[in-house]
Amino acid sequence: MTKQDQEQGLLQRSNNDFSEASTHTDSIADADVVTASTSFLSDLNASGGETGSFSEKVEKSVEVDHVALTNEGCKVELRTTVHVPVFRSEEINKFRYKLPVVGQEQEIVEAILENDIVIPRRIAAVSMSARVAEEMNLPSEIVSYQIRYEGNASDKTRVKFMTDGVLLKEVQRDLLLSKYSVIIVDEAHERSIYSDILIGLMSRIVSLRAKRNDRLKLVIMSATLNVKEFLSDRLFKSTPRFIEVPSRMFPVSVHFSRRTDDLYLNSAYRMVVQIHRYMPDGGILVFVSGKKEVCLLIKWLRSTFPSAKAVSAKNDDENMDEQILKADSRKSHKRKRAKRTGYVTENIDLNSYDIESFLKTDNTDLNDRDALDGDCDLADEENFMNPYLNFEPEDTPLYCLPLYSMLPSHKQKQIYDPLPSGSRFCVIATNVAETSLTIPHIKYVVDTGKEKVRLYDTVTGASKFVVQWISKASANQRAGRAGRIAPGECYRLYSSAVFSDFLDFSVPEILNKPPDELVLQMKCMNIVKVHNFPFPSPPSGQSLQEAESRLCKLGLLEVCKDDSGSERMKVNRLGQTVAFFPVSPQYGKMICLANQHGLLPYVVCLVAALSVREPLVNIVDTTDSDGIQKESERLSKIRYDWAGSGQSFLLGDLAVLLNAVLQFESSYCSVESCEHLGMRFKAMKEVHQLRKQLTNIANGVFPQVNLTLEACLPPLTTQQYRLLRQLILSCQGNNLAKRYEFSPENADTKLKNSYCSGIMQEPLWIHPTSVLCKRLPTWLLYQEIIDSGRKYMLNVMAVEPEWLPQFASVYL
DNA sequence: GAGCACTGC
């Protein structure tokens with residue numbers, strides 16, 4: 001709701017409620033910052049049956065009372081009652097009155113008056129705006145949404161649902177958010193970088209707006225009790241108030257394992273078998289850490305309950321499972337070998353499971369209490385035992401489906417398809433099922449307690465994937481997935497003692513990722529001393545400093561003296577231009593420099609491809625199956641074709657990516673042809689959208705360029721390929737590596753073919769899937785280092801040594 | 001000589 005709308009009286013406030021004025025209520029009506037439970041929104045959503053973001057734990061809400069004007073009680077505020085005329089259909093009203101949040105409705109509405117709502121996921125923003133428009137009987141031009149690539153907001157819009165990143169970009173353009181009178185931040189407990197920064201920024205915006213007598217109200221909605229950081233007095237001068245909203249969840253009984261088996265996939269398998277054979281109807285959701293575990297568990301379960309195969313005739317992902325598993329088996333041999341050379345990190349070896357033996361010996365005796373709940377009391381045990389009576393397990397097939405983010409959309413959607421009649425539903429999922437997707441029919445949750453996370457070294461930027469224990473909050477969120485339709489059961493495959501050692505909450509994203517892009521954005525908002533910013537969880541001074549220094553070397557920040565004579569890093573003109581582009585600063589700079597020699601359209605495509613996760617499928621090589629071997633050879637050949645020869649080939653993996661995008665753009669590939677070419681359709685579509693967005697921004701920033709979205713770009717000339725490599729070098733000197741010099745003095749054969757870089761002690765290696773893997777150029781640039789035992793450089797490009805003084809002198 | 005959880009601008 002915009003200020004103008006408010007003045008036009010769409011929301012009518014009446015002051016006829018004096019008799020109820022009290023110290024309690026008058027502060028509510030005038031609070032500037034309120035933190036409320038997310039149930040308010042998730043209930044709206046749940047009643048619509050939409051997918052989207054839900055949270056359903058009980059929650060405390062916090063309300064910040066910024067009525068600092070009323071100090072010493074000399075000013076008496078009158079309570080104002082808010083009347084919002086809404087014409088809902090009878091059906092929707094029936095739903096509404098069942099929602100637990102209705103009890104607090106008036107309190108919340110009075111506290112906030114009207115809504116502009118920040119949500120962390122795109123689909124959720126779109127579906128919620130549609131749902132709220134329907135419930136309020138208003139057109140989409142009034143209740144609208146805005147996400148990265150699209151939106152339907154108009155000048156008539158009064159309620160806007162948007163993702164957190166969109167609002168952060170808006171703050172960059174309008175620091176006081178003067179269009180808005182209320183901001184609601186939903187799902188704040190997820191602690192995304194954007195919502196954290198937004199909350200920090202808004203703590204300042206709220207008081208600035210209050211000083212101007214143009215109040216902004218802020219509601220922070222959180223599904224967990226993790227509000228300590230949001231209440232810190234670094235953020236809000238007076239402590240925010242809670243509004244607590246009960247959850248609409250059904251009870252979930254949680255069972256801990258008596259002991260914790262390291263082979264958690266093995267335990268998960270046994271648990272599913274037992275639930276399926278002996279527990280009443282209801283879907284099963286299993287949480288594991290990664291794609292390979294998903295595929296392995298599916299394979300075991302389908303071979304145990306083969307009747308399910310007949311039921312789920314369309315399981316064309318069978319092949320994929322096999323592929324992944326074979327590749328994995330091959331790798332585990334490598335691991336054993338690698339162990340002797342000392343390059344191995346701890347990893348659960350999936351192949352150490354003895355599948356055969358427990359397929360044969362699985363008598364699933366109910367006395368095997370180890371696999372069940374060691375900690376539950378007698379009542380629980382009785383509940384657990386009773387349903388076994390008169391239960392005929394043979395009658396029920398198990399319908400197993402995989403679920404992880406990289407699974408193609410049409411396969412993900414299978415979880416919403418009607419269940420084959422008479423079968424039990426079982427989904428094996430990664431963390432996607434914890435927050436992003438809601439799965440229907442789930443009554444049982446099996447939680448391995450494990451998740452895979454990407455850990456960054458904030459100094460070198462190298463990252464690795466680690467399987468670790470989840471947090472208590474995560475475990476509770478997982479358990480909650482069982483109680484959406486009826487009372488549920490959650491089986492934790494770890495003991496309560498192990499659980500008690502879990503972190504209370506997951507580490508906020510901002511503490512893990514290198515903050516370069518963020519620091520640049522903050523500098524553009526005139527936040528010069530970033531270390532003084534009121535982060536809900538401040539990143540370390542060192543990581544902020546490293547980011548500043550990288551941005552300085554990149555030529556986006558400059559050292560300036562402020563009034564007191566002390567030195568500060570401030571953003572320069574180039575930095576400000578770069579910050580318009582919603583990509584990492586290195587890539588933004590590439591676009592800014594590319595407006596020469598006709599390179600801009602190519603650089604935009606390349607940057608789009610580099611900014612999207614996994615545009616090309618990972619080529620899994622397998623030794624023992626002819627058909628699959630040929631497939632990986634075929635895909636590999638396509639990549640070498642894209643890389644070309646001569647100057648193009650020296651652009652290396654970036655030439656592969658660029659030409660893949662150009663091919664996709666020129667013939668807007670179908671799902672099938674993408675698969676044929678080894679591209680991920682979902683990712684390529686995103687690349688296409690990002691190209692469009694970057695093109696629009698470039699046209700805004702450089703008015704003369706008239707950049708178009710031509711489907712067919714002519715192939716680059718030899719000269720242009722050279723220039724492109726120089727341009728990239730001038731933006732990525734930080735990522736240079738030089739080949740290890742093999743000489744009598746440096747004769748370590750283990751280091752042959754390795755590289756060293758300025759920022760890292762350990763040797764680096766070109767990833768075997770790189771087209772430059774055999775070429776081994778003396779100097780090269782990488783996009784990313786991934787640590788999987790060895791430190792591998794991904795997306796590599798060759799660099800001519802003689803270019804270094806001119807294009808990368810600060811890094812030498 | 002062989003990868004990778006998740007999400008937003």
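Below, read A as the first sequence line, B as the second, and so on, with proteins coming before strands; counting in each chain starts at 1.
With B:dG1, B:dC9, B:dC4 as the candidates, the nucleotide lying closest to the side chain of A:Pro768 is B:dG1. For A:Thr430, the listed nucleotide lying nearest its side chain is B:dC6; candidates were B:dG8, B:dC6, B:dC9. Taking the side chain of A:Val166 as heavy atoms from C-beta on, and the options B:dA5, B:dC9, B:dA2, the nearest nucleotide is B:dC9. Distances from the side chain of A:Val432 to the nucleotides B:dA5, B:dC6, B:dA2 place B:dC6 closest. For A:Phe465, the side-chain atoms get nearest to B:dA5 when compared with the rest of B:dA5, B:dC9, B:dG8. Comparing B:dC9, B:dA5, B:dA2 against the side chain of A:Arg454 picks out B:dA5 as the nearest. Of the candidates B:dG8, B:dC4, B:dA5, the closest approach to any side-chain atom of A:Lys291 belongs to B:dA5.
When ring centroids are compared, A:Tyr755 and A:Tyr782 stay outside the 6.0 Å threshold.
Contact check, A:Ser405 against B:dT7: a side-chain N or O comes under 4.0 Å of OP1 or OP2. Under 4.0 angstrom from either OP1 or OP2 of B:dA2 there lies at least one side-chain N or O belonging to A:Tyr792. Regarding contacts with the backbone of B:dT7, every side-chain N or O of A:Thr163 stays at 4.0 angstrom or more from both OP1 and OP2. Side-chain N/O atoms of A:Arg613 include one lying less than 4.0 angstrom from OP1 or OP2 on B:dC6. Taking side-chain N and O atoms only, A:Lys452 has a distance below 4.0 Å to OP1 or OP2 of B:dA5. Between A:Ser788 and B:dC4 there is no side-chain N or O to OP1 or OP2 distance below 4.0 Å.
Between A:Phe502 and A:Tyr494, the angle of the ring planes lies from 30° to 60°, which puts this pair in the tilted group.
Look at OH on A:Tyr145: it is 14 Å from P on B:dG8, rounded to the nearest Å. If you measure from atom CG of A:Asn431 to atom P of B:dT7, you get 10 Å, rounded to the nearest angstrom. Distance A:Leu764 CG to B:dG1 P: 15 Å, rounded to the nearest Å. Across the protein-nucleic acid pair, A:Gln783 atom CD and B:dC4 atom C1' stand 17 Å apart, rounded to whole Å. We find that CD of A:Glu614 is positioned 18 Å from P of B:dA2, with the value rounded to whole Å. At whole-Å resolution of the value, CD in A:Gln468 and P in B:dC4 are 14 Å apart. When rounded to the nearest whole Å, the span between CD1 of A:Ile147 and C1' of B:dG8 equals 11 Å. Atom P of nucleotide B:dC6 and atom OH of A:Tyr404 are separated by 10 Å, given to the nearest angstrom.
Of the possible polar contacts, one joining the A:Glu509 side chain to the A:Ile193 backbone as a donor-acceptor pair under 3.5 Å is found.
Comparing A:Val453 and A:Glu517 along DNA chain B, the residue whose closest nucleotide (by nearest heavy atom) sits nearer the 5' end is A:Val453. For the pair A:Gln693 and A:Met406, nearest-nucleotide mapping onto DNA chain B gives the more 5' position to A:Met406.
Within 4.0 Å (heavy atoms only), A:Arg122 reaches sugar-phosphate atoms of the nucleic acid but no base atom. Heavy atoms of A:Leu167 sit nowhere under 4.0 angstrom from any nucleic acid atom. Among the atoms of the strands shown, none is found under 4.0 Å from any heavy atom of A:Phe581. Note on A:Lys513: a base of the nucleic acid sits closer than 4.0 angstrom, heavy atoms only.
Taken from CZ in A:Arg478 to CG in A:Asn431, the straight-line distance is 4.5 Å, to the nearest 0.5 Å.
Taking 3.5 Å as the limit, the base of B:dG1 and the side chain of A:Lys752 contain no donor-acceptor pair of atoms between them. No hydrogens or angles were tested; on distance alone, a donor-acceptor pair under 3.5 Å links the side chain of A:Glu509 to the base of B:dG8.
A cation-pi arrangement, defined by a distance under 6.0 Å to the six-membered ring centre and an angle within 45 degrees of its axis, is present between A:Lys450 and A:Trp469.
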Step by step, would you call A:Gln586 with A:Asn735 a side-chain contact (heavy atoms from CB on, under 4.5 Å)?
-> CA-CA 10 Å; A:Gln586 294 183 344; A:Asn735 301 0; 3.8 Å; yes

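Side-chain contact between A:Tyr180 and A:Leu167 is present, with at least one heavy-atom pair separated by less than 4.5 Å.
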